[in-house]
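Just so it is clear, the structure is predicted and the values come from calculations on it, not from any experiment.
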Amino acid sequence: MAWKNRLICLTLICSLFAGFPFAHAGAAASQKTAALPAFSIQINGQPVDNTRLKYPFLVYNDVTYLPLTWEVTQTLGINLVFSEGGLTVLKGGGQRGGGWIGWKKERFPLDLSGSNDPKMAFKAAMPGFALTINDSYIDNGQEPYPFLVWNDVTYMPLTWKFAHDFLELELRWKDRQSLEIVGGQQQVLERIFYDDTDYLYVAPTLVTEKWQGGLKVKKSLDEPPVWMTTEEFETLRERLQQEQSRIAGEQVTLTQKDDGLYYDNMKLLPKEEITVDSAEAGNPTIGQLTGALFPLGPKRSFLTVTKVTNYNYGNRMTNHYSYLIENGQAKNVKEFSQGPDRIIPNPDGSYWLTSNGDTMMRGRIIHGSRKLALVTPEGEIRIANAALGDFDIVVPGADNPRYTNFLDEGGKLLIYAHQVNITDPGSTAKRGYYLIDTSFQTTKLDALDPLAQETPYLPSYRDGWPVYRGIDGKLYLIRKNNELVNYTDNVSAMWYDDQLLVTK
């Protein structure tokens with residue numbers, strides 16, 4: 001079979017490299033005594049019969065060693081590149097890619113032609129060739145857990161540095177009696193976009209059947225995801241759009257006069273702001289000029305004007321202008337010149353205005369545009385970003401039109417703050433979850449620090465935000481390897497890609 005031929009070829013190449021003259025001084029061919037592990041092993045949920053595996057997993061110096069055979073590396077998404085410079089181990093190989101209609105995820109069969117006595121001692125040697133993982137050279141002679149060679153096959157130690165940091169493999173121990181290695185998984189679960197009392201609804205990264213839409217997952221996470229049909233998925237998306245329209249503000253009529261743009265006889269923009277010269281580069285035209293009104297109690301409201309300029313090379317530019325409307329006057333609010341995603345009332349008559357980001361060309365979010373503002377009972381507008389420092393601020397749940405209970409028992413609002421500009425290139429952006437009150441006093445929620453680490457970089461697009469707040473107020477997210485997490489209740493479940501792609 002083809003896979004056997006590839007294995008034979010790989011083994012022959014390993015044999016050739018074992019005698020190459022480019023071994024460095026620290027790679028002397030000293031023997032190391034290894035043994036079979038006393039615990040069970042699984043690869044992506046598939047049990048490994050280590051006593052029959054032709055190239056078994058080994059243990060040396062209390063560390064598990066992975067055989068770099070064709071089947072194992074392809075299953076775990078690892079690439080091996082041989083050259084005159086030695087062996088390079090790369091993440092991202094195997095069956096990570098896929099997704100066309102009719103595509104099926106196949107498991108590579110393991111070679112079970114071996115016969116390994118659990119009491120047997122395995123004499124392994126240091127490799128006689130140079131080693132690199134990704135772009136990092138490995139000084140194997142200085143490693144406390146070096147790469148080894150047994151029966152002409154290279155073995156890699158499953159240390160956290162090599163397995164997790166370099167190759168992004170996931171190592172799961174169960175009571176120290178079972179080791180599961182997860183890698184090479186096709187990410188099927190992309191993002192949570194909707195929820196109800198019982199289910200989370202997930203948009204997929206791929207579909208392999210024409211009838212597939214999205215997936216629904218019970219919030220208890222005790223059952224596997226279920227595929228919805230395209231009709232069910234589209235019905236749900238239409239319902240979401242209708243619900244989003246209810247919090248998007250009231251569409252109002254804007255009037256263009258000779259000297260500019262008006263709303264209800266209040267001048268908003270001068271003429272030069274709403275006209276373009278079509279002879280300029282890109283032949284610009286005004287494609288949209290609309291207004292959305294958000295009531296802020298009986299006395300005032302917040303108005304956002306959106307102007308979209310189209311260009312003939314396919315791009316468009318969006319500009320927002322914001323105004324506080326009170327007593328027949330329109331006050332330009334330059335500090336919050338974007339549409340709010342949510343208006344959140346406070347018991348004292350003030351209102352939070354939150355925007356999870358303004359977009360520029362091609363829909364990318366502008367850094368620093370994730371803003372939080374407060375309209376006081378007296379009509380003063382204060383920007384929380386300016387008060388707290390140079391931070392982007394996101395309100396979890398603001399993009400969920402069905403979530404309403406934003407304030408805790410003390411009237412404080414949950415926010416996520418992420419440092420925008422970092423003066424020291426070598427430092428890490430400050431980020432974290434806080435409770436904020438209407439005086440801009442904050443309380444850091446240390447219990448959510450691990451969740452903040454899930455967002456080392458701010459996503460460039462709104463759909464890239466990883467944390468979803470359900471109508472129950474709980475925080476959910478999707479991690480790699482198709483793991484869905486209820487962070488609030490500390491419950492999670494993971495499904496293998498071949499499980500998710502099975503439809504019958």
Parallel, tilted or perpendicular for Tyr416 and Trp465, by the 30°/60° rule?
perpendicular
State whether Arg172 and Glu170 are salt-bridged, where the test is any N-O pair (Lys NZ or Arg NE/NH1/NH2 against Asp/Glu carboxylate O) under 4.0 Å.
yes
Identify whether the distance between the nearest side-chain nitrogen and carboxylate oxygen of Asp198 and Lys218 falls below 4.0 Å.
no
Think Lys216 forms a cation-pi with Tyr199, using NZ or CZ under 6.0 Å from the six-ring centre and within 45 degrees of its axis?
yes
NZ/NE/NH1/NH2 to OD/OE distance under 4.0 Å, Arg479 and Glu454
yes
Return the orientation label for the His164 and Trp160 ring planes: parallel under 30°, perpendicular over 60°, tilted otherwise.
parallel
Heavy-atom side-chain contact between Leu236 and Glu238 under 4.5 Å:
no
Take Phe193 and Phe233 through the test ring-ring contact (aromatic ring centres under 6.0 Å, His included) and record every step on the way to the result.
CA-CA 11 Å; Phe193 72 97; Phe233 186 65; 5.4 Å; yes
From CA spacing to verdict: side chain to side chain contact (heavy atoms under 4.5 Å, CB included), Asn310, Gln288:
CA-CA 9 Å; Asn310 296 325; Gln288 179 183 338; over 6 Å; no
For Gln187 and Thr205: C-alpha separation, side-chain torsions, deciding distance, then whether side-chain hydrogen bond (donor to acceptor under 3.5 Å, both in side chains) applies.
CA-CA 7 Å; Gln187 190 71 26; Thr205 62; over 6 Å; no
Using a distance-only test with no angle check, is there a side-chain donor-acceptor pair under 3.5 angstrom linking Asp348 and Ser350?
yes
Between Asn400 and Asp195, a side-chain donor and acceptor under 3.5 Å:
yes
Does this structure show an ion pair linking Arg370 with Asp358, if we count only N-O contacts that are shorter than 4.0 Å?
no
Would you call Asp399 and Arg469 a salt bridge, taking side-chain N to carboxylate O under 4.0 Å as the test?
no
Do we see a donor-acceptor contact under 3.5 Å between the side chains of Gln441 and Ser439?
no
Non-hydrogen atoms of Asp196 and Lys219 that approach each other most closely:
O-NZ, 2.7 Å
Out of Val188, Leu484, Leu501, which residue meets the side-chain contact (heavy atoms from CB on, under 4.5 Å) rule with Trp495?
Leu484
Rounded to the nearest 0.5 Å, the CD atom of Gln46 sits from the CG atom of Asp498 at a distance of 9.0 Å
Is the count of non-hydrogen atoms from other residues, nucleotides or ligands lying under 6.0 Å from Arg191 atom CZ greater than 12?
yes
Does the plane of the ring in Trp352 sit parallel, tilted or perpendicular to the ring in Phe440? Use 30° and 60° as the thresholds.
parallel
List the steps, then state whether side-chain hydrogen bond (donor to acceptor under 3.5 Å, both in side chains) holds for His320 with Thr306.
CA-CA 5 Å; His320 297 289; Thr306 300; 3.1 Å; yes
Look at Lys412 together with Asp437 and state whether they make a salt bridge at an N to O cut-off of under 4.0 Å.
no
Going by the angle between their ring planes, with limits at 30° and 60°, are Tyr311 and Tyr313 parallel, tilted or perpendicular?
parallel
Any chance you could lay out the side chain to side chain contact (heavy atoms under 4.5 Å, CB included) test for Thr88 and Tyr137, step after step, and finish with the verdict?
CA-CA 9 Å; Thr88 299; Tyr137 170 75; over 6 Å; no
Passing candidate, side-chain contact (heavy atoms from CB on, under 4.5 Å) with Leu388, options Ile436, Leu372, Ile383:
Ile436
When every non-hydrogen atom of Thr75 is compared with those of Asn44, the smallest separation belongs to O-ND2, 3.3 Å
For residues Ser355 and Phe336, determine if any side-chain heavy atom of one lies less than 4.5 Å from a side-chain heavy atom of the other.
yes
With distance as the sole criterion, is a donor-acceptor pair present between the side chains of Glu243 and Tyr194 under 3.5 Å?
yes
Is it true that, when you exclude Lys271 itself, more than 12 heavy atoms of the residues, nucleotides or ligands shown sit nearer than 6.0 Å to its NZ?
no
Regarding Lys267 and Asp259, does a basic nitrogen lie under 4.0 Å from an acidic carboxylate oxygen?
yes
Walk me through it: do Val485 and Ile478 pass the test side chain to side chain contact (heavy atoms under 4.5 Å, CB included)?
CA-CA 6 Å; Val485 181; Ile478 292 174; over 6 Å; no
Assess whether atom NZ of Lys480 is packed by more than 12 heavy atoms of other residues, nucleotides or ligands within 6.0 Å.
yes
Non-hydrogen atoms of Ile274 and Leu261 that approach each other most closely
CD1-N, 3.9 Å
Kindly indicate, with the supporting measurements, whether the criterion side chain to side chain contact (heavy atoms under 4.5 Å, CB included) is fulfilled by Leu90 and Ile78.
CA-CA 6 Å; Leu90 299 168; Ile78 301 172; over 6 Å; no
When you measure from the side chain of Gln74 to the backbone of Glu71, do you find a donor-acceptor pair of N or O atoms at a distance under 3.5 Å?
no
Kindly indicate whether the side chain of Leu68, heavy atoms from C-beta on, has any atom under 4.5 Å from the side chain of Val89.
yes
Measure from the side-chain N and O atoms of Asn134 to the backbone N and O of Ser136, and report whether any donor-acceptor pair falls under 3.5 Å.
no
Check whether any side-chain heavy atom of Met156 sits under 4.5 Å from a side-chain heavy atom of Leu167, and report yes or no.
yes
Treating Asn482 as the side-chain partner and Leu189 as the backbone partner, does any N or O pair qualify as donor plus acceptor under 3.5 Å?
yes
Find the distance between CE (Met266) and OH (Tyr323) and round it off to the nearest 0.5 Å.
11.0 Å
Can any side-chain N or O of Thr159 pair as donor or acceptor with the backbone N or O of Phe162 at less than 3.5 Å?
yes
Within the distance-only criterion (no hydrogens, no angle test), does the side chain of Lys371 pair as donor or acceptor with the backbone N or O of Glu335 below 3.5 angstrom?
yes
Checking Arg462 now: which residues fulfil side-chain hydrogen bond (donor to acceptor under 3.5 Å, both in side chains) with it, not counting sequence neighbours?
Asp341
Flag yes if more than 12 heavy atoms outside Lys334 fall under 6.0 Å of its NZ atom; otherwise flag no.
no
For the backbone of Glu273 and the side chain of Lys307, can you confirm whether one donor and one acceptor N or O come within less than 3.5 Å of each other?
yes
Full working for side-chain hydrogen bond (donor to acceptor under 3.5 Å, both in side chains) between Ser220 and Asp222
CA-CA 5 Å; Ser220 59; Asp222 57 0; 2.4 Å; yes
Scan residues 363-398 for pairs that pass ring-ring contact (aromatic ring centres under 6.0 Å, His included), counting only residues two or more places apart or in two chains.
none
Do you know the tightest heavy-atom contact between Ala429 and His418?
CB-CE1, 3.5 Å
Go through the steps for Lys104 and Glu209 under the test salt bridge (Lys or Arg N to Asp or Glu O under 4.0 Å), then give the verdict.
CA-CA 10 Å; Lys104 301 294 183 184; Glu209 302 286 344; 3.1 Å; yes
Distance-minimising heavy-atom pair for Ser369 and Asp392:
N-OD1, 3.3 Å
Where do Arg300 and Val375 come nearest, in terms of heavy atoms and distance?
CD-CG1, 4.1 Å
Go through the structure and list residues passing side-chain hydrogen bond (donor to acceptor under 3.5 Å, both in side chains) with Gln329, not counting sequence neighbours.
none
